[in-house]
There are 2 protein chains.
Amino acid sequence: MTALQGVLAERDKWSAVGQCAIEKTMSVVGTKSAMLLMREAYYGTTRFDDFAKRVGITKAATSARLAELVEAGLLTKQPYQEPGQRSRDEYVLTQAGTDFMPVVWAMFEWGRHHLGDTGLRLTHLGCGADATVEIRCAEGHEVPPDELGMKLARRRGR
Amino acid sequence: MTALQGVLAERDKWSAVGQCAIEKTMSVVGTKSAMLLMREAYYGTTRFDDFAKRVGITKAATSARLAELVEAGLLTKQPYQEPGQRSRDEYVLTQAGTDFMPVVWAMFEWGRHHLGDTGLRLTHLGCGADATVEIRCAEGHEVPPDELGMKLARRRGR
DNA sequence: CAGGATCCCTAAGGATACTG
DNA sequence: CAGTATCCTTAGGGATCCTG
């Protein structure tokens, strides 16, 4: 039982506020290949062919998905030049792309627990302990499902 | 620059370990409607028609997606009976479904920051502070992108 | 209320071949 | 290496109508 279930009465009001952030996010990066491309970007991949090979999708799909991720602001194309070669582009993470990490690693963690563990673990390099994705509040408390709520904040201009 | 980028040398070895957890997760719940159905489940929706109406998809899609979520173990069908009515099923969250929260709310938070804020906020009901989705280690440290690593643990039987 | 059936359209993505 | 172009298959999902 999650505490959010208490908000059903207000829920319909929120729809009126505008399209849900989850829906917008899924529209932008809601395909398997987009998620896997982001994963590869986190692993350090920057070259087109490496993306295609490591994700295991065709170049056509790679091209389409990378273009969308660039357009959505998660990656940027940056020119680089190897000696004797013409200038090419590589795909590097933006701040928005790095901010997307919790989504990808939350999926990783959920899959690991519920769909079979491959032995891979996220770790905190600073102290060596395993890392995971959690819901926490600004006061630093871990927020269990039954203490998670939703509120409609007064919006400040922007 | 993320620290994970140091792992590229080992990365190809991991592919051999088996299909990535992110990929498996996306195969199971990788559609926009599945995510939105989970969101509604967190808000407390349990009835078929309410899911269809609140998510804004057709009953055919609702039926297909809910069946997949039940099969994947995120929801269960539970019989209920209203006085004078025949017995029907409602869809309730399982533990695996509740465990999926970080994925959905991480998308919510990312969309809120990068695709336009609707004013909705996650809150910790216990203390009233805003809540968010973070990467933390077992020692309780918040893990910034440049301190997040990946390691291949020895797998223990199960 | 909780679907199933049918029809149709679009997006994702594989395979293959070609280009600068 | 970094794509583009073409062809084809499948899955997601809207619209509409029907059923217990």
Side-chain angles (χ1 to χ4, degrees), chain A residues 8 19-20 22-41 44-72 75-92, chain B residues 8 19-20 22-41 44-72 75-92:
Chain A
L8 254 199
Q19 205 189 16
C20 164
I22 302 167
E23 184 169 0
K24 288 188 286 191
T25 301
M26 280 300 287
S27 297
V28 168
V29 269
T31 64
K32 198 204 295 187
S33 52
M35 291 288 172
L36 298 181
L37 286 169
M38 290 308 295
R39 176 200 66 189
E40 285 310 315
T45 302
T46 61
R47 307 293 174 82
F48 185 91
D49 270 32
D50 289 337
F51 276 116
K53 179 160 48 80
R54 291 190 211 271
V55 173
I57 56 179
T58 62
K59 293 184 176 193
T62 306
S63 175
R65 240 34 73 218
L66 281 179
E68 287 168 12
L69 290 171
V70 167
E71 160 121 38
L75 301 174
T76 344
K77 282 172 89 155
Q78 243 154 51
Y80 73 95
Q81 183 129 25
E82 279 182 359
Q85 299 279 332
R86 70 169 174 84
S87 164
R88 296 172 188 282
D89 285 325
E90 60 183 355
Y91 297 84
V92 302
Chain B
L8 254 198
Q19 204 189 16
C20 165
I22 302 166
E23 183 169 1
K24 288 188 285 192
T25 301
M26 280 300 287
S27 298
V28 167
V29 269
T31 65
K32 199 204 294 187
S33 51
M35 290 289 171
L36 298 182
L37 287 169
M38 289 309 295
R39 176 200 67 190
E40 285 309 315
T45 301
T46 60
R47 307 291 174 83
F48 184 91
D49 271 30
D50 288 338
F51 276 116
K53 180 160 48 78
R54 292 191 210 270
V55 172
I57 57 179
T58 62
K59 294 183 177 193
T62 305
S63 175
R65 240 33 73 218
L66 282 180
E68 288 169 13
L69 290 171
V70 167
E71 159 120 40
L75 302 175
T76 345
K77 282 172 89 155
Q78 245 156 47
Y80 72 96
Q81 182 131 25
E82 280 182 359
Q85 300 279 331
R86 70 169 173 85
S87 163
R88 296 172 189 282
D89 285 326
E90 61 183 354
Y91 297 85
V92 303

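Proteins get letters first, then strands, A, B, ... in listed order; numbering begins at 1 in each. Excluded from the calculations below are hydrogen atoms, water molecules and symmetry mates; all remaining heavy atoms, backbone and side chain alike, are included.
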Chemist: Which listed nucleotide (dC1(C), dG3(C), dA12(C)) is nearest to the side chain of Tyr91(B)?
Modeler: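 Nearest listed nucleotide: dG3(C).
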Chemist: So which nucleotide from dG12(D), dG14(D), dG13(C) ends up closest to the side chain of Ala61(B)?
Modeler: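 Taking heavy atoms from C-beta onward, the closest nucleotide is dG14(D).
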Chemist: Of the candidate nucleotides dC1(D), dG3(C), dC1(C), which contains the atom at the shortest distance from the side chain of Asp49(A)?
Modeler: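 Ranking dC1(D), dG3(C), dC1(C) by closest atom to the Asp49(A) side chain puts dC1(D) first.
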Chemist: Taking atom OG1 of Thr31(B) and atom CZ of Arg65(B), what is their separation to the nearest 0.5 Å?
Modeler: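 Interatomic distance, Thr31(B) OG1 to Arg65(B) CZ, rounded to 0.5 Å: 5.0 Å.
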Chemist: Considering only dG4(C), dA15(D), dA2(D), which nucleotide approaches the side chain of Ser63(B) most closely?
Modeler: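 Of the candidates, dG4(C) comes closest.
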Chemist: Specify the separation, in whole Å, of atom CD of Glu23(B) and atom P of dA12(C).
Modeler: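 Whole-Å distance recorded here is 17 Å.
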Chemist: Checking contacts here: which listed nucleotide (dG13(C), dA2(C), dG12(D)) is nearest the side-chain heavy atoms of Ser33(A)?
Modeler: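 Of the options given, the side chain of Ser33(A) lies nearest dG13(C).
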Chemist: Do Leu66(B) and Glu71(B) have side-chain heavy atoms sitting under 4.5 Å apart?
Modeler: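 No - every pair of side-chain heavy atoms lies 4.5 Å or more apart.
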Chemist: dC1(D) P sits how many Å from Arg47(A) CZ, rounded?
Modeler: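 Between P of dC1(D) and CZ of Arg47(A): 9 Å.
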Chemist: Quick check: does any side chain N or O of Thr62(B) sit under 3.5 Å from a backbone N or O of Thr58(B), one acting as donor and the other as acceptor?
Modeler: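 Here the side-chain-to-backbone pair exists.
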Chemist: Just to be sure I understand the rule, does Thr62(A) reach a base, reach only the sugar-phosphate, or reach nothing, if contact means heavy atoms closer than 4.0 Å?
Modeler: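 Touches nothing.
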Chemist: Could you state the atom-to-atom distance from CD of Gln78(B) to C1' of dA2(C) in whole Å?
Modeler: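 The answer, rounded to whole Å, is 17 Å.
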Chemist: Glu90(A) has an atom CD; how far is it from atom P of dC1(D), in whole Å?
Modeler: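 From Glu90(A) CD to dC1(D) P: 14 Å.
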Chemist: Please check the phosphate of dG13(D) (OP1 and OP2 only) for any side-chain N or O of Arg65(B) closer than 4.0 Å.
Modeler: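 Checking dG13(D) against Arg65(B), a side-chain N or O does come within under 4.0 Å of OP1 or OP2.
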Chemist: Take the protein atom CD of Glu68(B) and the nucleotide atom C1' of dA11(D), then report the distance between them rounded to whole Å.
Modeler: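 So the two atoms are 9 Å apart, to the nearest Å.
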Chemist: Looking at every heavy atom in both Met35(B) and Val29(B), which two are closest together, and how far apart are they?
Modeler: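 Closest approach of Met35(B) to Val29(B): CE-O, 3.3 Å.
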Chemist: Atom NZ of Lys53(B) to atom P of dG3(C): distance rounded to whole Å?
Modeler: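 Distance, rounded to whole Å: 15 Å.
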Chemist: Determine the interplanar angle of the Phe51(A) and Tyr91(A) rings, folded into 0 to 90°, and report it as parallel if under 30°, tilted if 30 to 60°, perpendicular if over 60°.
Modeler: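 The arrangement is perpendicular - the two ring planes meet at more than 60°.
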Chemist: Need to verify one output field. Residue with the more 5' nearest nucleotide on DNA chain D, Ala60(A) or Asp89(A)?
Modeler: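 That would be Asp89(A).
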Chemist: Base, sugar-phosphate or nothing for Phe51(B)? Non-hydrogen atoms, less than 4.0 Å.
Modeler: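 Since no nucleic acid heavy atom lies under 4.0 Å of Phe51(B), the category is nothing.
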Chemist: Of all the choices, dG14(C), dG12(D), dA2(C), which nucleotide is nearest to the side chain of Ile57(A) once you look at every atom?
Modeler: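 Output: dG14(C).
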Chemist: Which one, dG13(D), dT4(D), dG13(C), comes nearest to the side chain of Lys59(A)?
Modeler: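 Looking only at heavy atoms from C-beta outward on Lys59(A), the closest nucleotide is dT4(D).
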Chemist: Over how many whole Å does the gap from Leu66(A) atom CG to dT4(D) atom P extend?
Modeler: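 It is 10 Å, rounded to the nearest whole Å.
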Chemist: Rounded to the nearest Å, what distance is computed from the CG atom of residue Leu75(B) to the P atom of nucleotide dA2(C)?
Modeler: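 It works out to 14 Å between those atoms.
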